[in-house]
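Here the structure is laid out as C-alpha cells; the discussion comes afterwards.
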Amino acid sequence: MAENKQDALNVSGNGWCGKILRIDLSSETITELDTQPYAELFLGGRGIATRLYWENVPADTGAFDPENHLIFMTGTLTATGAQGASRFEIVGKSPMLMPEGFCYGNMGGYWGPALKRAGFDGLIVSGKARRSVYLFISDDKAGLEDATDIHLEGVTRVGEYLKKKHGSKTHFIATGPAGMNLCRSANLMTDNEGSATGGFGAVFGSKNLKAIAVVGTQSPTVSDPEALKELNRITIQLNKRDTSFNPYPPDQISRKGKASCFQCGLDCTMRSTYRTKSNKEVVRKCQAMFVYFSWVMGRPGEPAETALDATGLCNNLSLCTMEMANIVEWISTGYKEGYLSDARTGLEIDKLGTWEFFENLCNMIAFRKGFGDILAEGLLRAGENLGSDAKVLFANEVAGVGDGATYSAREYLMNGLLYAFEPRQPIAMLHEVSRTIGLWVMNLQYPGSTPVTVDAYRKATARFWGHDKAWDLNTPDGKAMAATRIIDRTYVKDSLGLCDSCWPLMFSHHTEDNVGDTTLEVRTFNAVTGNRLDEIGLMKFGERIFNQQRAILLREGWDPEKNDIVQEFNFTDSVQSVFMNQDVLVPGEGDTVLNRKGQTLDRDVFKTMRDEFYQLRGWDPETGFPMAEKLHELELSDLGDVT
C-alpha cells in the first residue's frame with residue numbers, strides 16, 4: 001500500500017476487530033477485508049474510509065452508479081469504553097455536490113458501536129440490488145433481507161419494523177422516502193436521531209438499499225483497562241459544564257436532560273431530550289433544531305412544538321435540515337421579490353411558519369411532487385434549472401453540502417483556510433474556533449459562566465493551535481499554523497471515533513489555568529491499543545489522511561488555483577452577526593474587546609495565509625500539489641501519479 005514504513009502501529013487486536021465487510025449488492029456476495037494494512041497508516045474511521053475510497057471509486061464514477069461505494073468505518077476507540085467515542089464515518093461520492101464528488105459524513109448514537117460489537121471495524125457497500133433490500137449484521141454474520149414492505153416508509157416506521165423482526169437491541173442506519181426517491185439532499189438517519197448529510201440517503205436509494213441493521217453483543221478488547229478507566233475519570237471531570245441550553249419557550253417545551261450516545265458519560269451540549277406540554281418526549285440536536293425555528297417563532301400564535309416537530313418530519317423523510325432551512329429562506333425571499341407565487345409553487349405563502357406549510361413543502365420534495373421535483377435536485381441544481389433570476393435570490397448559506405456562510409472567514413480569519421480545502425462545510429473544524437470565541441463572549445457577559453477568560457483563551461490557543469499569535473483574529477499571523485493544527489486534530493478525531501461535542505478538551509473549570517489537555521486523545525489511544533505514540537506522532541496520522549483526501553480531490557478535478565478559495569461573498573459582503581456572538585466581538589490586546597461587525601475578508605490577507613499554509617504542508621507554492629518529499633515522508637509515495 002505504501003513505501004518506507006517506519007514504526008508501524010501494533011494493530012493486532014486491541015481497539016480493532018480486524019475485519020471489514022464488503023457487500024456487492026449486484027451479485028449479492030459478502031466477503032471480508034483485513035483491517036490491519038489500513039489501520040497501520042490510517043488508524044480507522046475517516047482515515048481508513050478515505051483510503052478505501054481512493055482504492056475503489058474511479059474519478060469518473062457517478063454518485064448513482066453501481067460502482068459508487070459507500071464506506072462506513074468505526075473509529076479505533078469506538079465501543080471500547082473511551083468517553084465521547086461513539087462516532088463513525090461515512091465516505092462516498094456525493095450526489096449533493098455540484099459537480100458530484102468525494103464527500104464524507106459523521107454520525108453518532110449506537111449504530112457504530114453496534115457494528116464494532118458485531119465484530120466488524122467497517123463495511124463497504126457497492127453495486128445495485130435487483131430488489132429493495134436491507135442488510136442485517138449480527139455477531140460476525142451478515143445477510144441481505146427483503147425490504148419490499150418498508151421500501152417507501154419513513155425512518156420511524158423502518159425502525160419499528162426492524163426492531164420487531166430482529167429484537168429491541170437492533171440498531172440501524174436507514175433512509176426515508178426522500179432517499180428512495182433519489183432526492184439529492186436525502187440524509188442517512190440512525191435510531192438515535194443521528195444524521196449524515198451529503199445525499200448519501202439518495203445513494204442508498206440508487207442501490208435499492210433501505211437500511212443496515214446491526215445487533216452486536218461482543219466487546220472490543222482494551223490493552224490497559226485500568227489506565228483507560230482513570231483517563232475516562234479525568235475526561236469526565238474536565239468536561240463538566242452547564243448543559244441546560246433550551247432554545248424553545250420554557251412554558252411550552254422543557255429540556256428533560258441529555259440524550260447520551262453509547263457508553264458516554266460526558267456532559268453534552270449537542271443532544272438533548274425535550275418534553276412538550278402534551279408530554280411528548282423527543283431527542284433533538286444541534287442545527288437540526290433550528291430548521292424551521294425562526295419562522296415558527298415569528299408567527300404569532302403558532303406553538304413552539306411546530307418547530308420541534310419540523311425537525312422530526314425532516315428526519316422521518318430523511319431530508320437534510322440545512323438544505324431545508326435554505327430552501328425555506330429562498331422561497332420566502334422569492335415571494336417577497338415577486339419571483340415566486342402560489343400558482344407557481346403549489347404552496348400557500350400566507351401559511352409560512354405553520355405546520356401545514358412545512359409539511360406540504362417537505363412532502364412535495366420527498367415524493368417529488370410538482371415544484372418539489374425541482375427542489376429535490378437540490379438548490380444548486382434548481383438554480384441551474386430555473387436560471388439567474390432564481391440564483392440571485394440565494395442566501396450566502398447556500399452551498400453544496402452544509403451551510404456556506406456559518407462561521408466564515410470574515411469574522412474568524414483562519415476559518416477561510418478550513419473552508420478552502422474541504423469539499424463540504426467542515427463544521428467540526430469550524431466549531432473548534434467558533435465555540436472558543438462564543439464561550440469567551442459568554443464569559444464577558446456573565447463572568448465565571450464559562451472557563452474561557454481572556455488569559456485562558458490566549459494560553460489555550462497557543463497550546464492547541466501552535467502559535468503565540470493564533471489568538472489574534474485581526475492579523476493573519478499564526479493562522480496557517482492554527483489551521484494545520486485544527487485540520488490534523490479533526491482528521492485524527494474522526495478516525496478515532498471521537499465526538500465533536502466534547503473533543504478537543506481545550507478549556508475546563510477544573511484546571512488551575514482553565515486550559516485543557518492536548519494529550520488526552522493520545523493517552524486514551526495508547527491505553528486502548530497498547531501503543532506508545534506521543535501527541536506529535538498521533539497528529540501525523542491526521543496530516544497523512546488530509547493529504548490522502550487532497551489526492552482524491554485532485555484526481556476528481558479539483559483545481560487549486562480555482563478551488564483553494566472561499567466563496568466570493570467573504571470578500572464583498574460584510575458580516576453582521578454570528579451564532580453565539582451576535583455583535584461579532586473578538587479579543588484585542590490586553591483586556592481590549594474589538595468588533596469585527598461590518599468586516600469583510602481582505603484578498604491579500606487570504607493569499608498570505610494560503611501561501612503560508614502551502615509552505616507548512618510541504619506543497620508546491622505555485623501549484624498547491626503535495627511535493628514528492630512530503631508524500632515520501634508520509635509514506636504516501638503511491639499517490640505521486642496524481643499529485
Side-chain angles (χ1 to χ4, degrees), residues 1 38 41-73 88-107 122-126 184-188 196-204 206-207 320 323 378 380-381 399-402 404 418-429 487-488 490-491 494-495 542-560 562-565 617 619 624-626 631 634 636 638-639 641-643:
M1 182 187 301
Y38 295 94
L41 290 180
F42 300 97
L43 292 178
R46 184 173 180 174
I48 293 181
T50 301
R51 179 66 188 195
L52 288 170
Y53 181 98
W54 167 263
E55 293 182 356
N56 288 281
V57 184
D60 59 355
T61 300
F64 293 149
D65 291 348
E67 293 76 19
N68 190 14
H69 289 56
L70 278 184
I71 303 157
F72 303 81
M73 283 300 307
F88 64 97
E89 199 80 8
I90 307 168
V91 165
K93 182 155 286 189
S94 167
M96 199 172 174
L97 289 172
M98 192 175 76
E100 296 174 347
F102 167 89
C103 197
Y104 53 87
N106 186 279
M107 304 175 79
L123 64 93
I124 309 167
V125 179
S126 64
R184 287 182 177 268
S185 61
N187 276 359
L188 289 176
T197 187
F200 292 141
V203 178
F204 257 41
S206 74
K207 295 183 177 302
C320 172
E323 177 81 353
L380 290 180
R381 287 176 174 82
V401 176
L418 305 182
Y419 268 109
F421 299 102
E422 292 294 324
R424 56 157 293 172
Q425 181 194 30
I427 191 61
M429 300 178 197
I487 290 169
D488 291 350
T490 300
Y491 277 60
D494 288 349
S495 300
E543 183 181 10
R544 178 181 296 123
I545 299 162
F546 178 61
N547 276 271
Q548 174 65 79
Q549 178 177 294
R550 180 71 166 179
I552 290 171
L553 297 178
L554 292 170
R555 183 172 72 178
E556 293 189 353
W558 186 281
D559 182 346
K562 297 177 180 177
N563 298 122
D564 288 353
I565 193 69
R617 284 302 189 192
W619 294 357
F625 280 52
L631 294 178
L634 296 173
L636 294 175
D638 63 325
L639 308 184
D641 289 344
V642 172
T643 58

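- Between the side chain of Asp494 and the backbone N or O of Arg46, no donor-acceptor pair lies under 3.5 Å.
- Put simply, the side chain of Thr61 never gets that close to the backbone of Val57: no donor and acceptor are under 3.5 Å apart.
- Evaluation of the ring-ring contact (aromatic ring centres under 6.0 Å, His included) rule for Phe88 yields Trp111 as partners, not counting sequence neighbours.
- Every residue two or more places apart in sequence or in another chain that forms a side chain to side chain donor-acceptor pair (under 3.5 Å) with Trp558 is listed here: Asp564.
- Partners of Arg184 by salt bridge (charged side-chain N to carboxylate O under 4.0 Å, His left out), not counting sequence neighbours, listed by chain and number: Glu100, Glu377.
- The backbone N or O of Leu636 sits nowhere less than 3.5 Å from a side-chain atom of Arg544 that would complete a donor-acceptor pair.
- Residues Leu553 and Pro423 come closest through the heavy atom pair CD2-CB, 4.1 Å.
- A salt bridge links Asp488 with Arg617: the closest approach of a Lys/Arg side-chain nitrogen to an acidic carboxylate oxygen falls below 4.0 angstrom.
- In this structure, Arg555 has no side chain to side chain donor-acceptor pair (under 3.5 Å) partners at least two apart in sequence or on a different chain.
- At least one donor-acceptor pair under 3.5 Å links the side chain of Arg381 to the backbone N or O of Leu97.
- A ring-centre distance under 6.0 Å is found for Phe546 and Trp619.
- Cation-pi geometry between Arg550 and Phe421 is not satisfied (NZ or CZ under 6.0 Å from the ring centre, within 45° of the ring normal).
- Checked against ring-ring contact (aromatic ring centres under 6.0 Å, His included), Tyr53 has the following partners two or more places apart in sequence or in another chain: Phe102.
- For Asn56, the side chain to side chain donor-acceptor pair (under 3.5 Å) test picks out Arg22, with sequence neighbours left out.
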For this session: Kindly determine whether Val401 and Gln425 satisfy side-chain contact (heavy atoms from CB on, under 4.5 Å), including the steps that lead there.
Result: CA-CA 6 Å; Val401 176; Gln425 181 194 30; over 6 Å; no
